[in-house]
Amino acid sequence: MNVFAHVEGLIKTALESLQADGELPAEIDLASIEAEAPRDKGHGDLATNAALVLAKKAKMKPRDIAEKLKDRIEANAEIEKADVAGPGFLNLTFRPEFWQAIVLSIIDAADAYGRADLGGGAKMNVEYVSANPTGPMHVGHCRGAVFGDALARLLEFAGYDVTREYYINDAGGQIDVLARSAFLRYRQALGENICEIPEGLYPGDYLKPVGAALAKQYGEALTEMDEAQWMPVVRVKAIEMMMAMIREDLAALNINHNVFFSEASLQADGRERIGEAIESLKEKGLIYQGVLPKPKGHDDGEWEEREQTLFRSTEFGDDVDRAIAKSDGSYTYFAGDIGYHYDKLQRGFTHLINVFGADHIGYIKRMKSAVTALSDGKADFDIKVCQLVKLFRAGQPVRMSKRAGTFVTLRDVVDEVGRDPVRFMMLYRKNDASLDFDFAKVTEQSKDNPVFYVQYAHARSCSVFRNALEAFDGLDTSADALRAADLSKLTDEGELELIKLLAAFPRLVEGAARAHEPHRLAFYLYEVASALHAQWARGNDSPQLRFIAQGDVGLTVARLAMIAATRQVISSGLDLLGVEAPDTMR
RNA sequence: GGCCCCGUAGCUCAGCUGGAUAGAGCAGAUGACUUCUAAUCAUCAGGUCCGAGGUUCGAAUCCUCGCGGGGUCGCCA
């Protein structure tokens, strides 16, 4: 059950009954009325702004409306009291039974607790990572990868039919560079002394296995060919091996895409996706031949006027129109992206999300323009930007340079600090704020490190169950036994606080899914963990508050039910972040 | 110069799409381990929400103009 939605329902019903009785004008719209958790505990469990929102439309004083509403609301058996407060808030306090029942509903729902139907099964495409297949992924890719994956999990939980997609940039000039670099390694593998890797080629050792594989497969045959002949062969092999490496890196982070979409495939095997997409834009009058103005802020003298094929992205709020063909007539990268998104739309996706790195911010407007144009504004398209990750080691920034070989790969980070801490820390920040990542802090196992803090709360919940079995010989802790618990024994303020927090989970999932902000889950889980640790510690001072109540099986089982509900929320939440919920911390 | 992010406690950051007296963690001070793993908890202290206008019952949040930091800017990908 979503408590907030439930209460909003109660409020609307009450308002409608006021309208029916002529106490409120019948014609006013009740849409923007909300229930929310007040910051201050003195303001009840939930508050509604109904009277404030309606006052103007109804031409009545807010407090007068609130008073009328109060009487109707208090008729509900679940409500202990309703108070008119401040400028016209109505603060609702529920009877303990209401909260106690939440525990039962969580145990009943199990894994499904918090699941939402925002999406209604709509097809959602989440594209993330999409790193060039020219080498191993570095740390910068890590954040987008984790973010995209968590977002996909969240949206699935919120009722979308999600496809996780990776766009392979395997058609551009950098792939030829990759192939030439691999070819050099191939000659090296055949025993040739290649000296230094020339400027402009990829120097990394990771291409040596590609050279070796080519040597094994083709022997010296490729050396007999000229570049035009060996190029396609080497290119395919290099991309295949680079992608295999990238997939392995992603798997180390527990990230698995459903679709790896090749840029080259847009124009291969008889497909003409780019042409079709451009044709469709042409029909809308959005393609023309023209000259772009000189960009400002750059005063290299190399700029010259050129006539190009342009997309009228300024129609949709972009600063300038964008080129889709180079002067030699071939397509630009942007044209490929237009074709790619056209393809996504053709595949029936009504919702699209792209996760970009900070360096692609300037690309957002043209991409949105293109999707708006292609879908006639019908597609729901969002681009999420992950800002930079700054690495620190013991407080000092880590300098990275490809040339000096001090380049930190994604794999290095995962191997050093572990999958769970990496994932959690990447999500423990808004995506559009830059993030400082300190190796020392992330590996620390203390409350300074939110990953361990939350995982420890889960492990602690599990340990309570283990200890309960020792304290009460033959105790039945099955879900059925917990369902039968006498929850009215859960009357401590701390216990009710914890349950109220658990009750907020469904609303939180909805909000995070709607805003495309998985970080909210991470912060929420921290709060739940904190409430659990606090309640645990109260048992140190007040033994009667211990989860395992000496000699009182009934009370113990009731508390175990509450712990089970807490554990459920933490494990569901961690699962949405792709982080393990361990039974024990050792 | 254009565009996009960011600016909240000494530090690192939340703030649920406009709610009531702005919250956490770290750092600082004080206290709690013969325990249900103290890998934790409690209390105190800490604020010009960058600035100035505007919108309204109500602004850290929305709009405008500034200031500061970062990113990016015609055929690369």
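A note on names: the letters A, B, ... follow the listed sequences, proteins ahead of strands, and every chain is numbered from 1.
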Determine the contact category for [X]: base if any of its heavy atoms lies under 4.0 Å from a base atom, sugar-phosphate if only primed atoms, P, OP1 or OP2 are that close, otherwise nothing.
| X | result |
| --- | --- |
| A:Glu527 | nothing |
| A:Gly173 | sugar-phosphate |
| A:His533 | sugar-phosphate |
| A:Ala37 | base |
| A:Arg514 | nothing |
| A:Arg322 | nothing |
| A:Thr134 | nothing |
| A:Gly511 | nothing |

side-chain hydrogen bond (donor to acceptor under 3.5 Å, both in side chains) evaluation trace for A:Asn91 with A:His43:
CA-CA 6 Å; A:Asn91 297 333; A:His43 294 152; 5.0 Å; no
Side-chain touch A:Pro25/A:Lys57, heavy atoms, less than 4.5 angstrom:
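The answer is no; the side chains never approach within 4.5 Å.
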Determine whether A:Asp382 and A:Lys368 make a side-chain contact, defined as any pair of heavy atoms from C-beta on separated by less than 4.5 Å.
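Answer yes - side chains close enough.
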Name the closest nucleotide to the [X] side chain, picking from [options].
| X | options | result |
| --- | --- | --- |
| A:Trp536 | B:U21, B:U37, B:G19 | B:U37 |
| A:Ala85 | B:C41, B:A20, B:A39 | B:A20 |
| A:His519 | B:A77, B:A39, B:A14 | B:A14 |
| A:Asp319 | B:A77, B:C3, B:C5 | B:C3 |
| A:Phe523 | B:A14, B:C76, B:U40 | B:A14 |
| A:Lys430 | B:A20, B:A24, B:G7 | B:G7 |
| A:Ser463 | B:C36, B:U40, B:G7 | B:C36 |
| A:Arg429 | B:C13, B:C36, B:U40 | B:C13 |

Write down the distance separating the [atom1] atoms in [N] and [M], rounded off to the nearest Å.
| N | M | atom1 | answer |
| --- | --- | --- | --- |
| B:G53 | B:U17 | C1' | 24 Å |
| B:G15 | B:A60 | C1' | 8 Å |
| B:A24 | B:G47 | P | 15 Å |
| B:G70 | B:U8 | P | 15 Å |

Quick check on side-chain contact (heavy atoms from CB on, under 4.5 Å): which of A:Lys384, A:Glu517, A:Met426 does A:Phe147 satisfy it with?
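Result: among A:Lys384, A:Glu517, A:Met426, A:Lys384 is the only option passing the side-chain contact (heavy atoms from CB on, under 4.5 Å) with A:Phe147.
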Begin from the C-alpha positions of A:Gln174 and A:Tyr202 and carry the test side-chain hydrogen bond (donor to acceptor under 3.5 Å, both in side chains) through to its verdict.
CA-CA 10 Å; A:Gln174 87 286 356; A:Tyr202 297 111; over 6 Å; no
May I ask you to check whether A:Asn354 and A:Tyr167 show a side-chain donor-acceptor distance below 3.5 Å?
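No pair is found: no donor N or O on one side chain lies under 3.5 Å from an acceptor on the other.
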Watson-Crick or G-U stems involving RNA chain B, each at least 3 pairs long, distances under 3.5 Å, ordered by first number
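RNA chain B stems, ordered by first number: B:1-7 with B:67-73, B:10-13 with B:23-26, B:28-32 with B:40-44, B:50-54 with B:62-66.
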Distances under 3.5 Å between nitrogen or oxygen atoms of protein and nucleotides 56-65 of chain B:
unit_1, atom_1, unit_2, atom_2, d
B:C57, OP1, A:Lys56, NZ, 3.2

Scan the side chains in residues 528-540 of chain A for donor-acceptor partners under 3.5 Å anywhere in the protein, sequence neighbours excluded, and list what turns up.
unit_1, atom_1, unit_2, atom_2, d
A:His533, ND1, A:Arg460, NH1, 3.1
A:His533, NE2, A:Tyr453, O, 3.2
A:Gln535, OE1, A:Arg538, NH1, 2.4
A:Gln535, NE2, A:Asp492, OD2, 3.1

Closest-nucleotide 5' rank along RNA chain B - winner of A:Ala529 and A:Ala323:
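Comparing both residues, the 5'-ward one is A:Ala529.
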Between A:Thr584 and A:Pro38, who's closer to the 5' end of RNA chain B by nearest nucleotide?
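Final value for this comparison: A:Pro38.
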Just do the side-chain hydrogen bond (donor to acceptor under 3.5 Å, both in side chains) check on A:Thr314 and A:Asp321 with the steps written out, would you?
CA-CA 6 Å; A:Thr314 46; A:Asp321 291 335; 2.6 Å; yes
Residue pairs involving residues 324-334 of chain A (criterion side chain to side chain donor-acceptor pair (under 3.5 Å); sequence neighbours excluded):
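Side chain to side chain donor-acceptor pair (under 3.5 Å) check on residues 324-334 of chain A returns A:Asn169-A:Tyr333, A:Asp328-A:Ser330.
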For A:Glu34, side chain to side chain contact (heavy atoms under 4.5 Å, CB included) partners two or more places apart:
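Applying side chain to side chain contact (heavy atoms under 4.5 Å, CB included) to A:Glu34 gives A:Glu8, A:Glu36, A:Asn49.
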Do A:Tyr128 and A:Tyr166 have their ring centres less than 6.0 Å from each other?
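Ring centres of A:Tyr166 and A:Tyr128 not closer than 6.0 Å.
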A:Asn91 (side chain) and B:A20 (base): donor-acceptor pair under 3.5 Å:
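For A:Asn91, whose side chain was compared with the base of B:A20, there is a donor-acceptor pair (under 3.5 Å).
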When you compare the protein's N or O atoms with those of nucleotides 68-72 of chain B, which come within less than 3.5 Å of each other, and at what distance?
unit_1, atom_1, unit_2, atom_2, d
B:G71, O2', A:Ala358, O, 3.4

A:Phe523 vs A:Tyr428 aromatic rings, parallel, tilted or perpendicular, using cut-offs 30° and 60°?
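Taking A:Tyr428 first and then A:Phe523, their aromatic rings lie parallel (interplane angle under 30°).
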Do the ring planes of A:Tyr363 and A:His360 sit parallel (below 30°), tilted (30 to 60°) or perpendicular (above 60°)?
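If you compare the ring of A:Tyr363 with that of A:His360, the planes turn out perpendicular.
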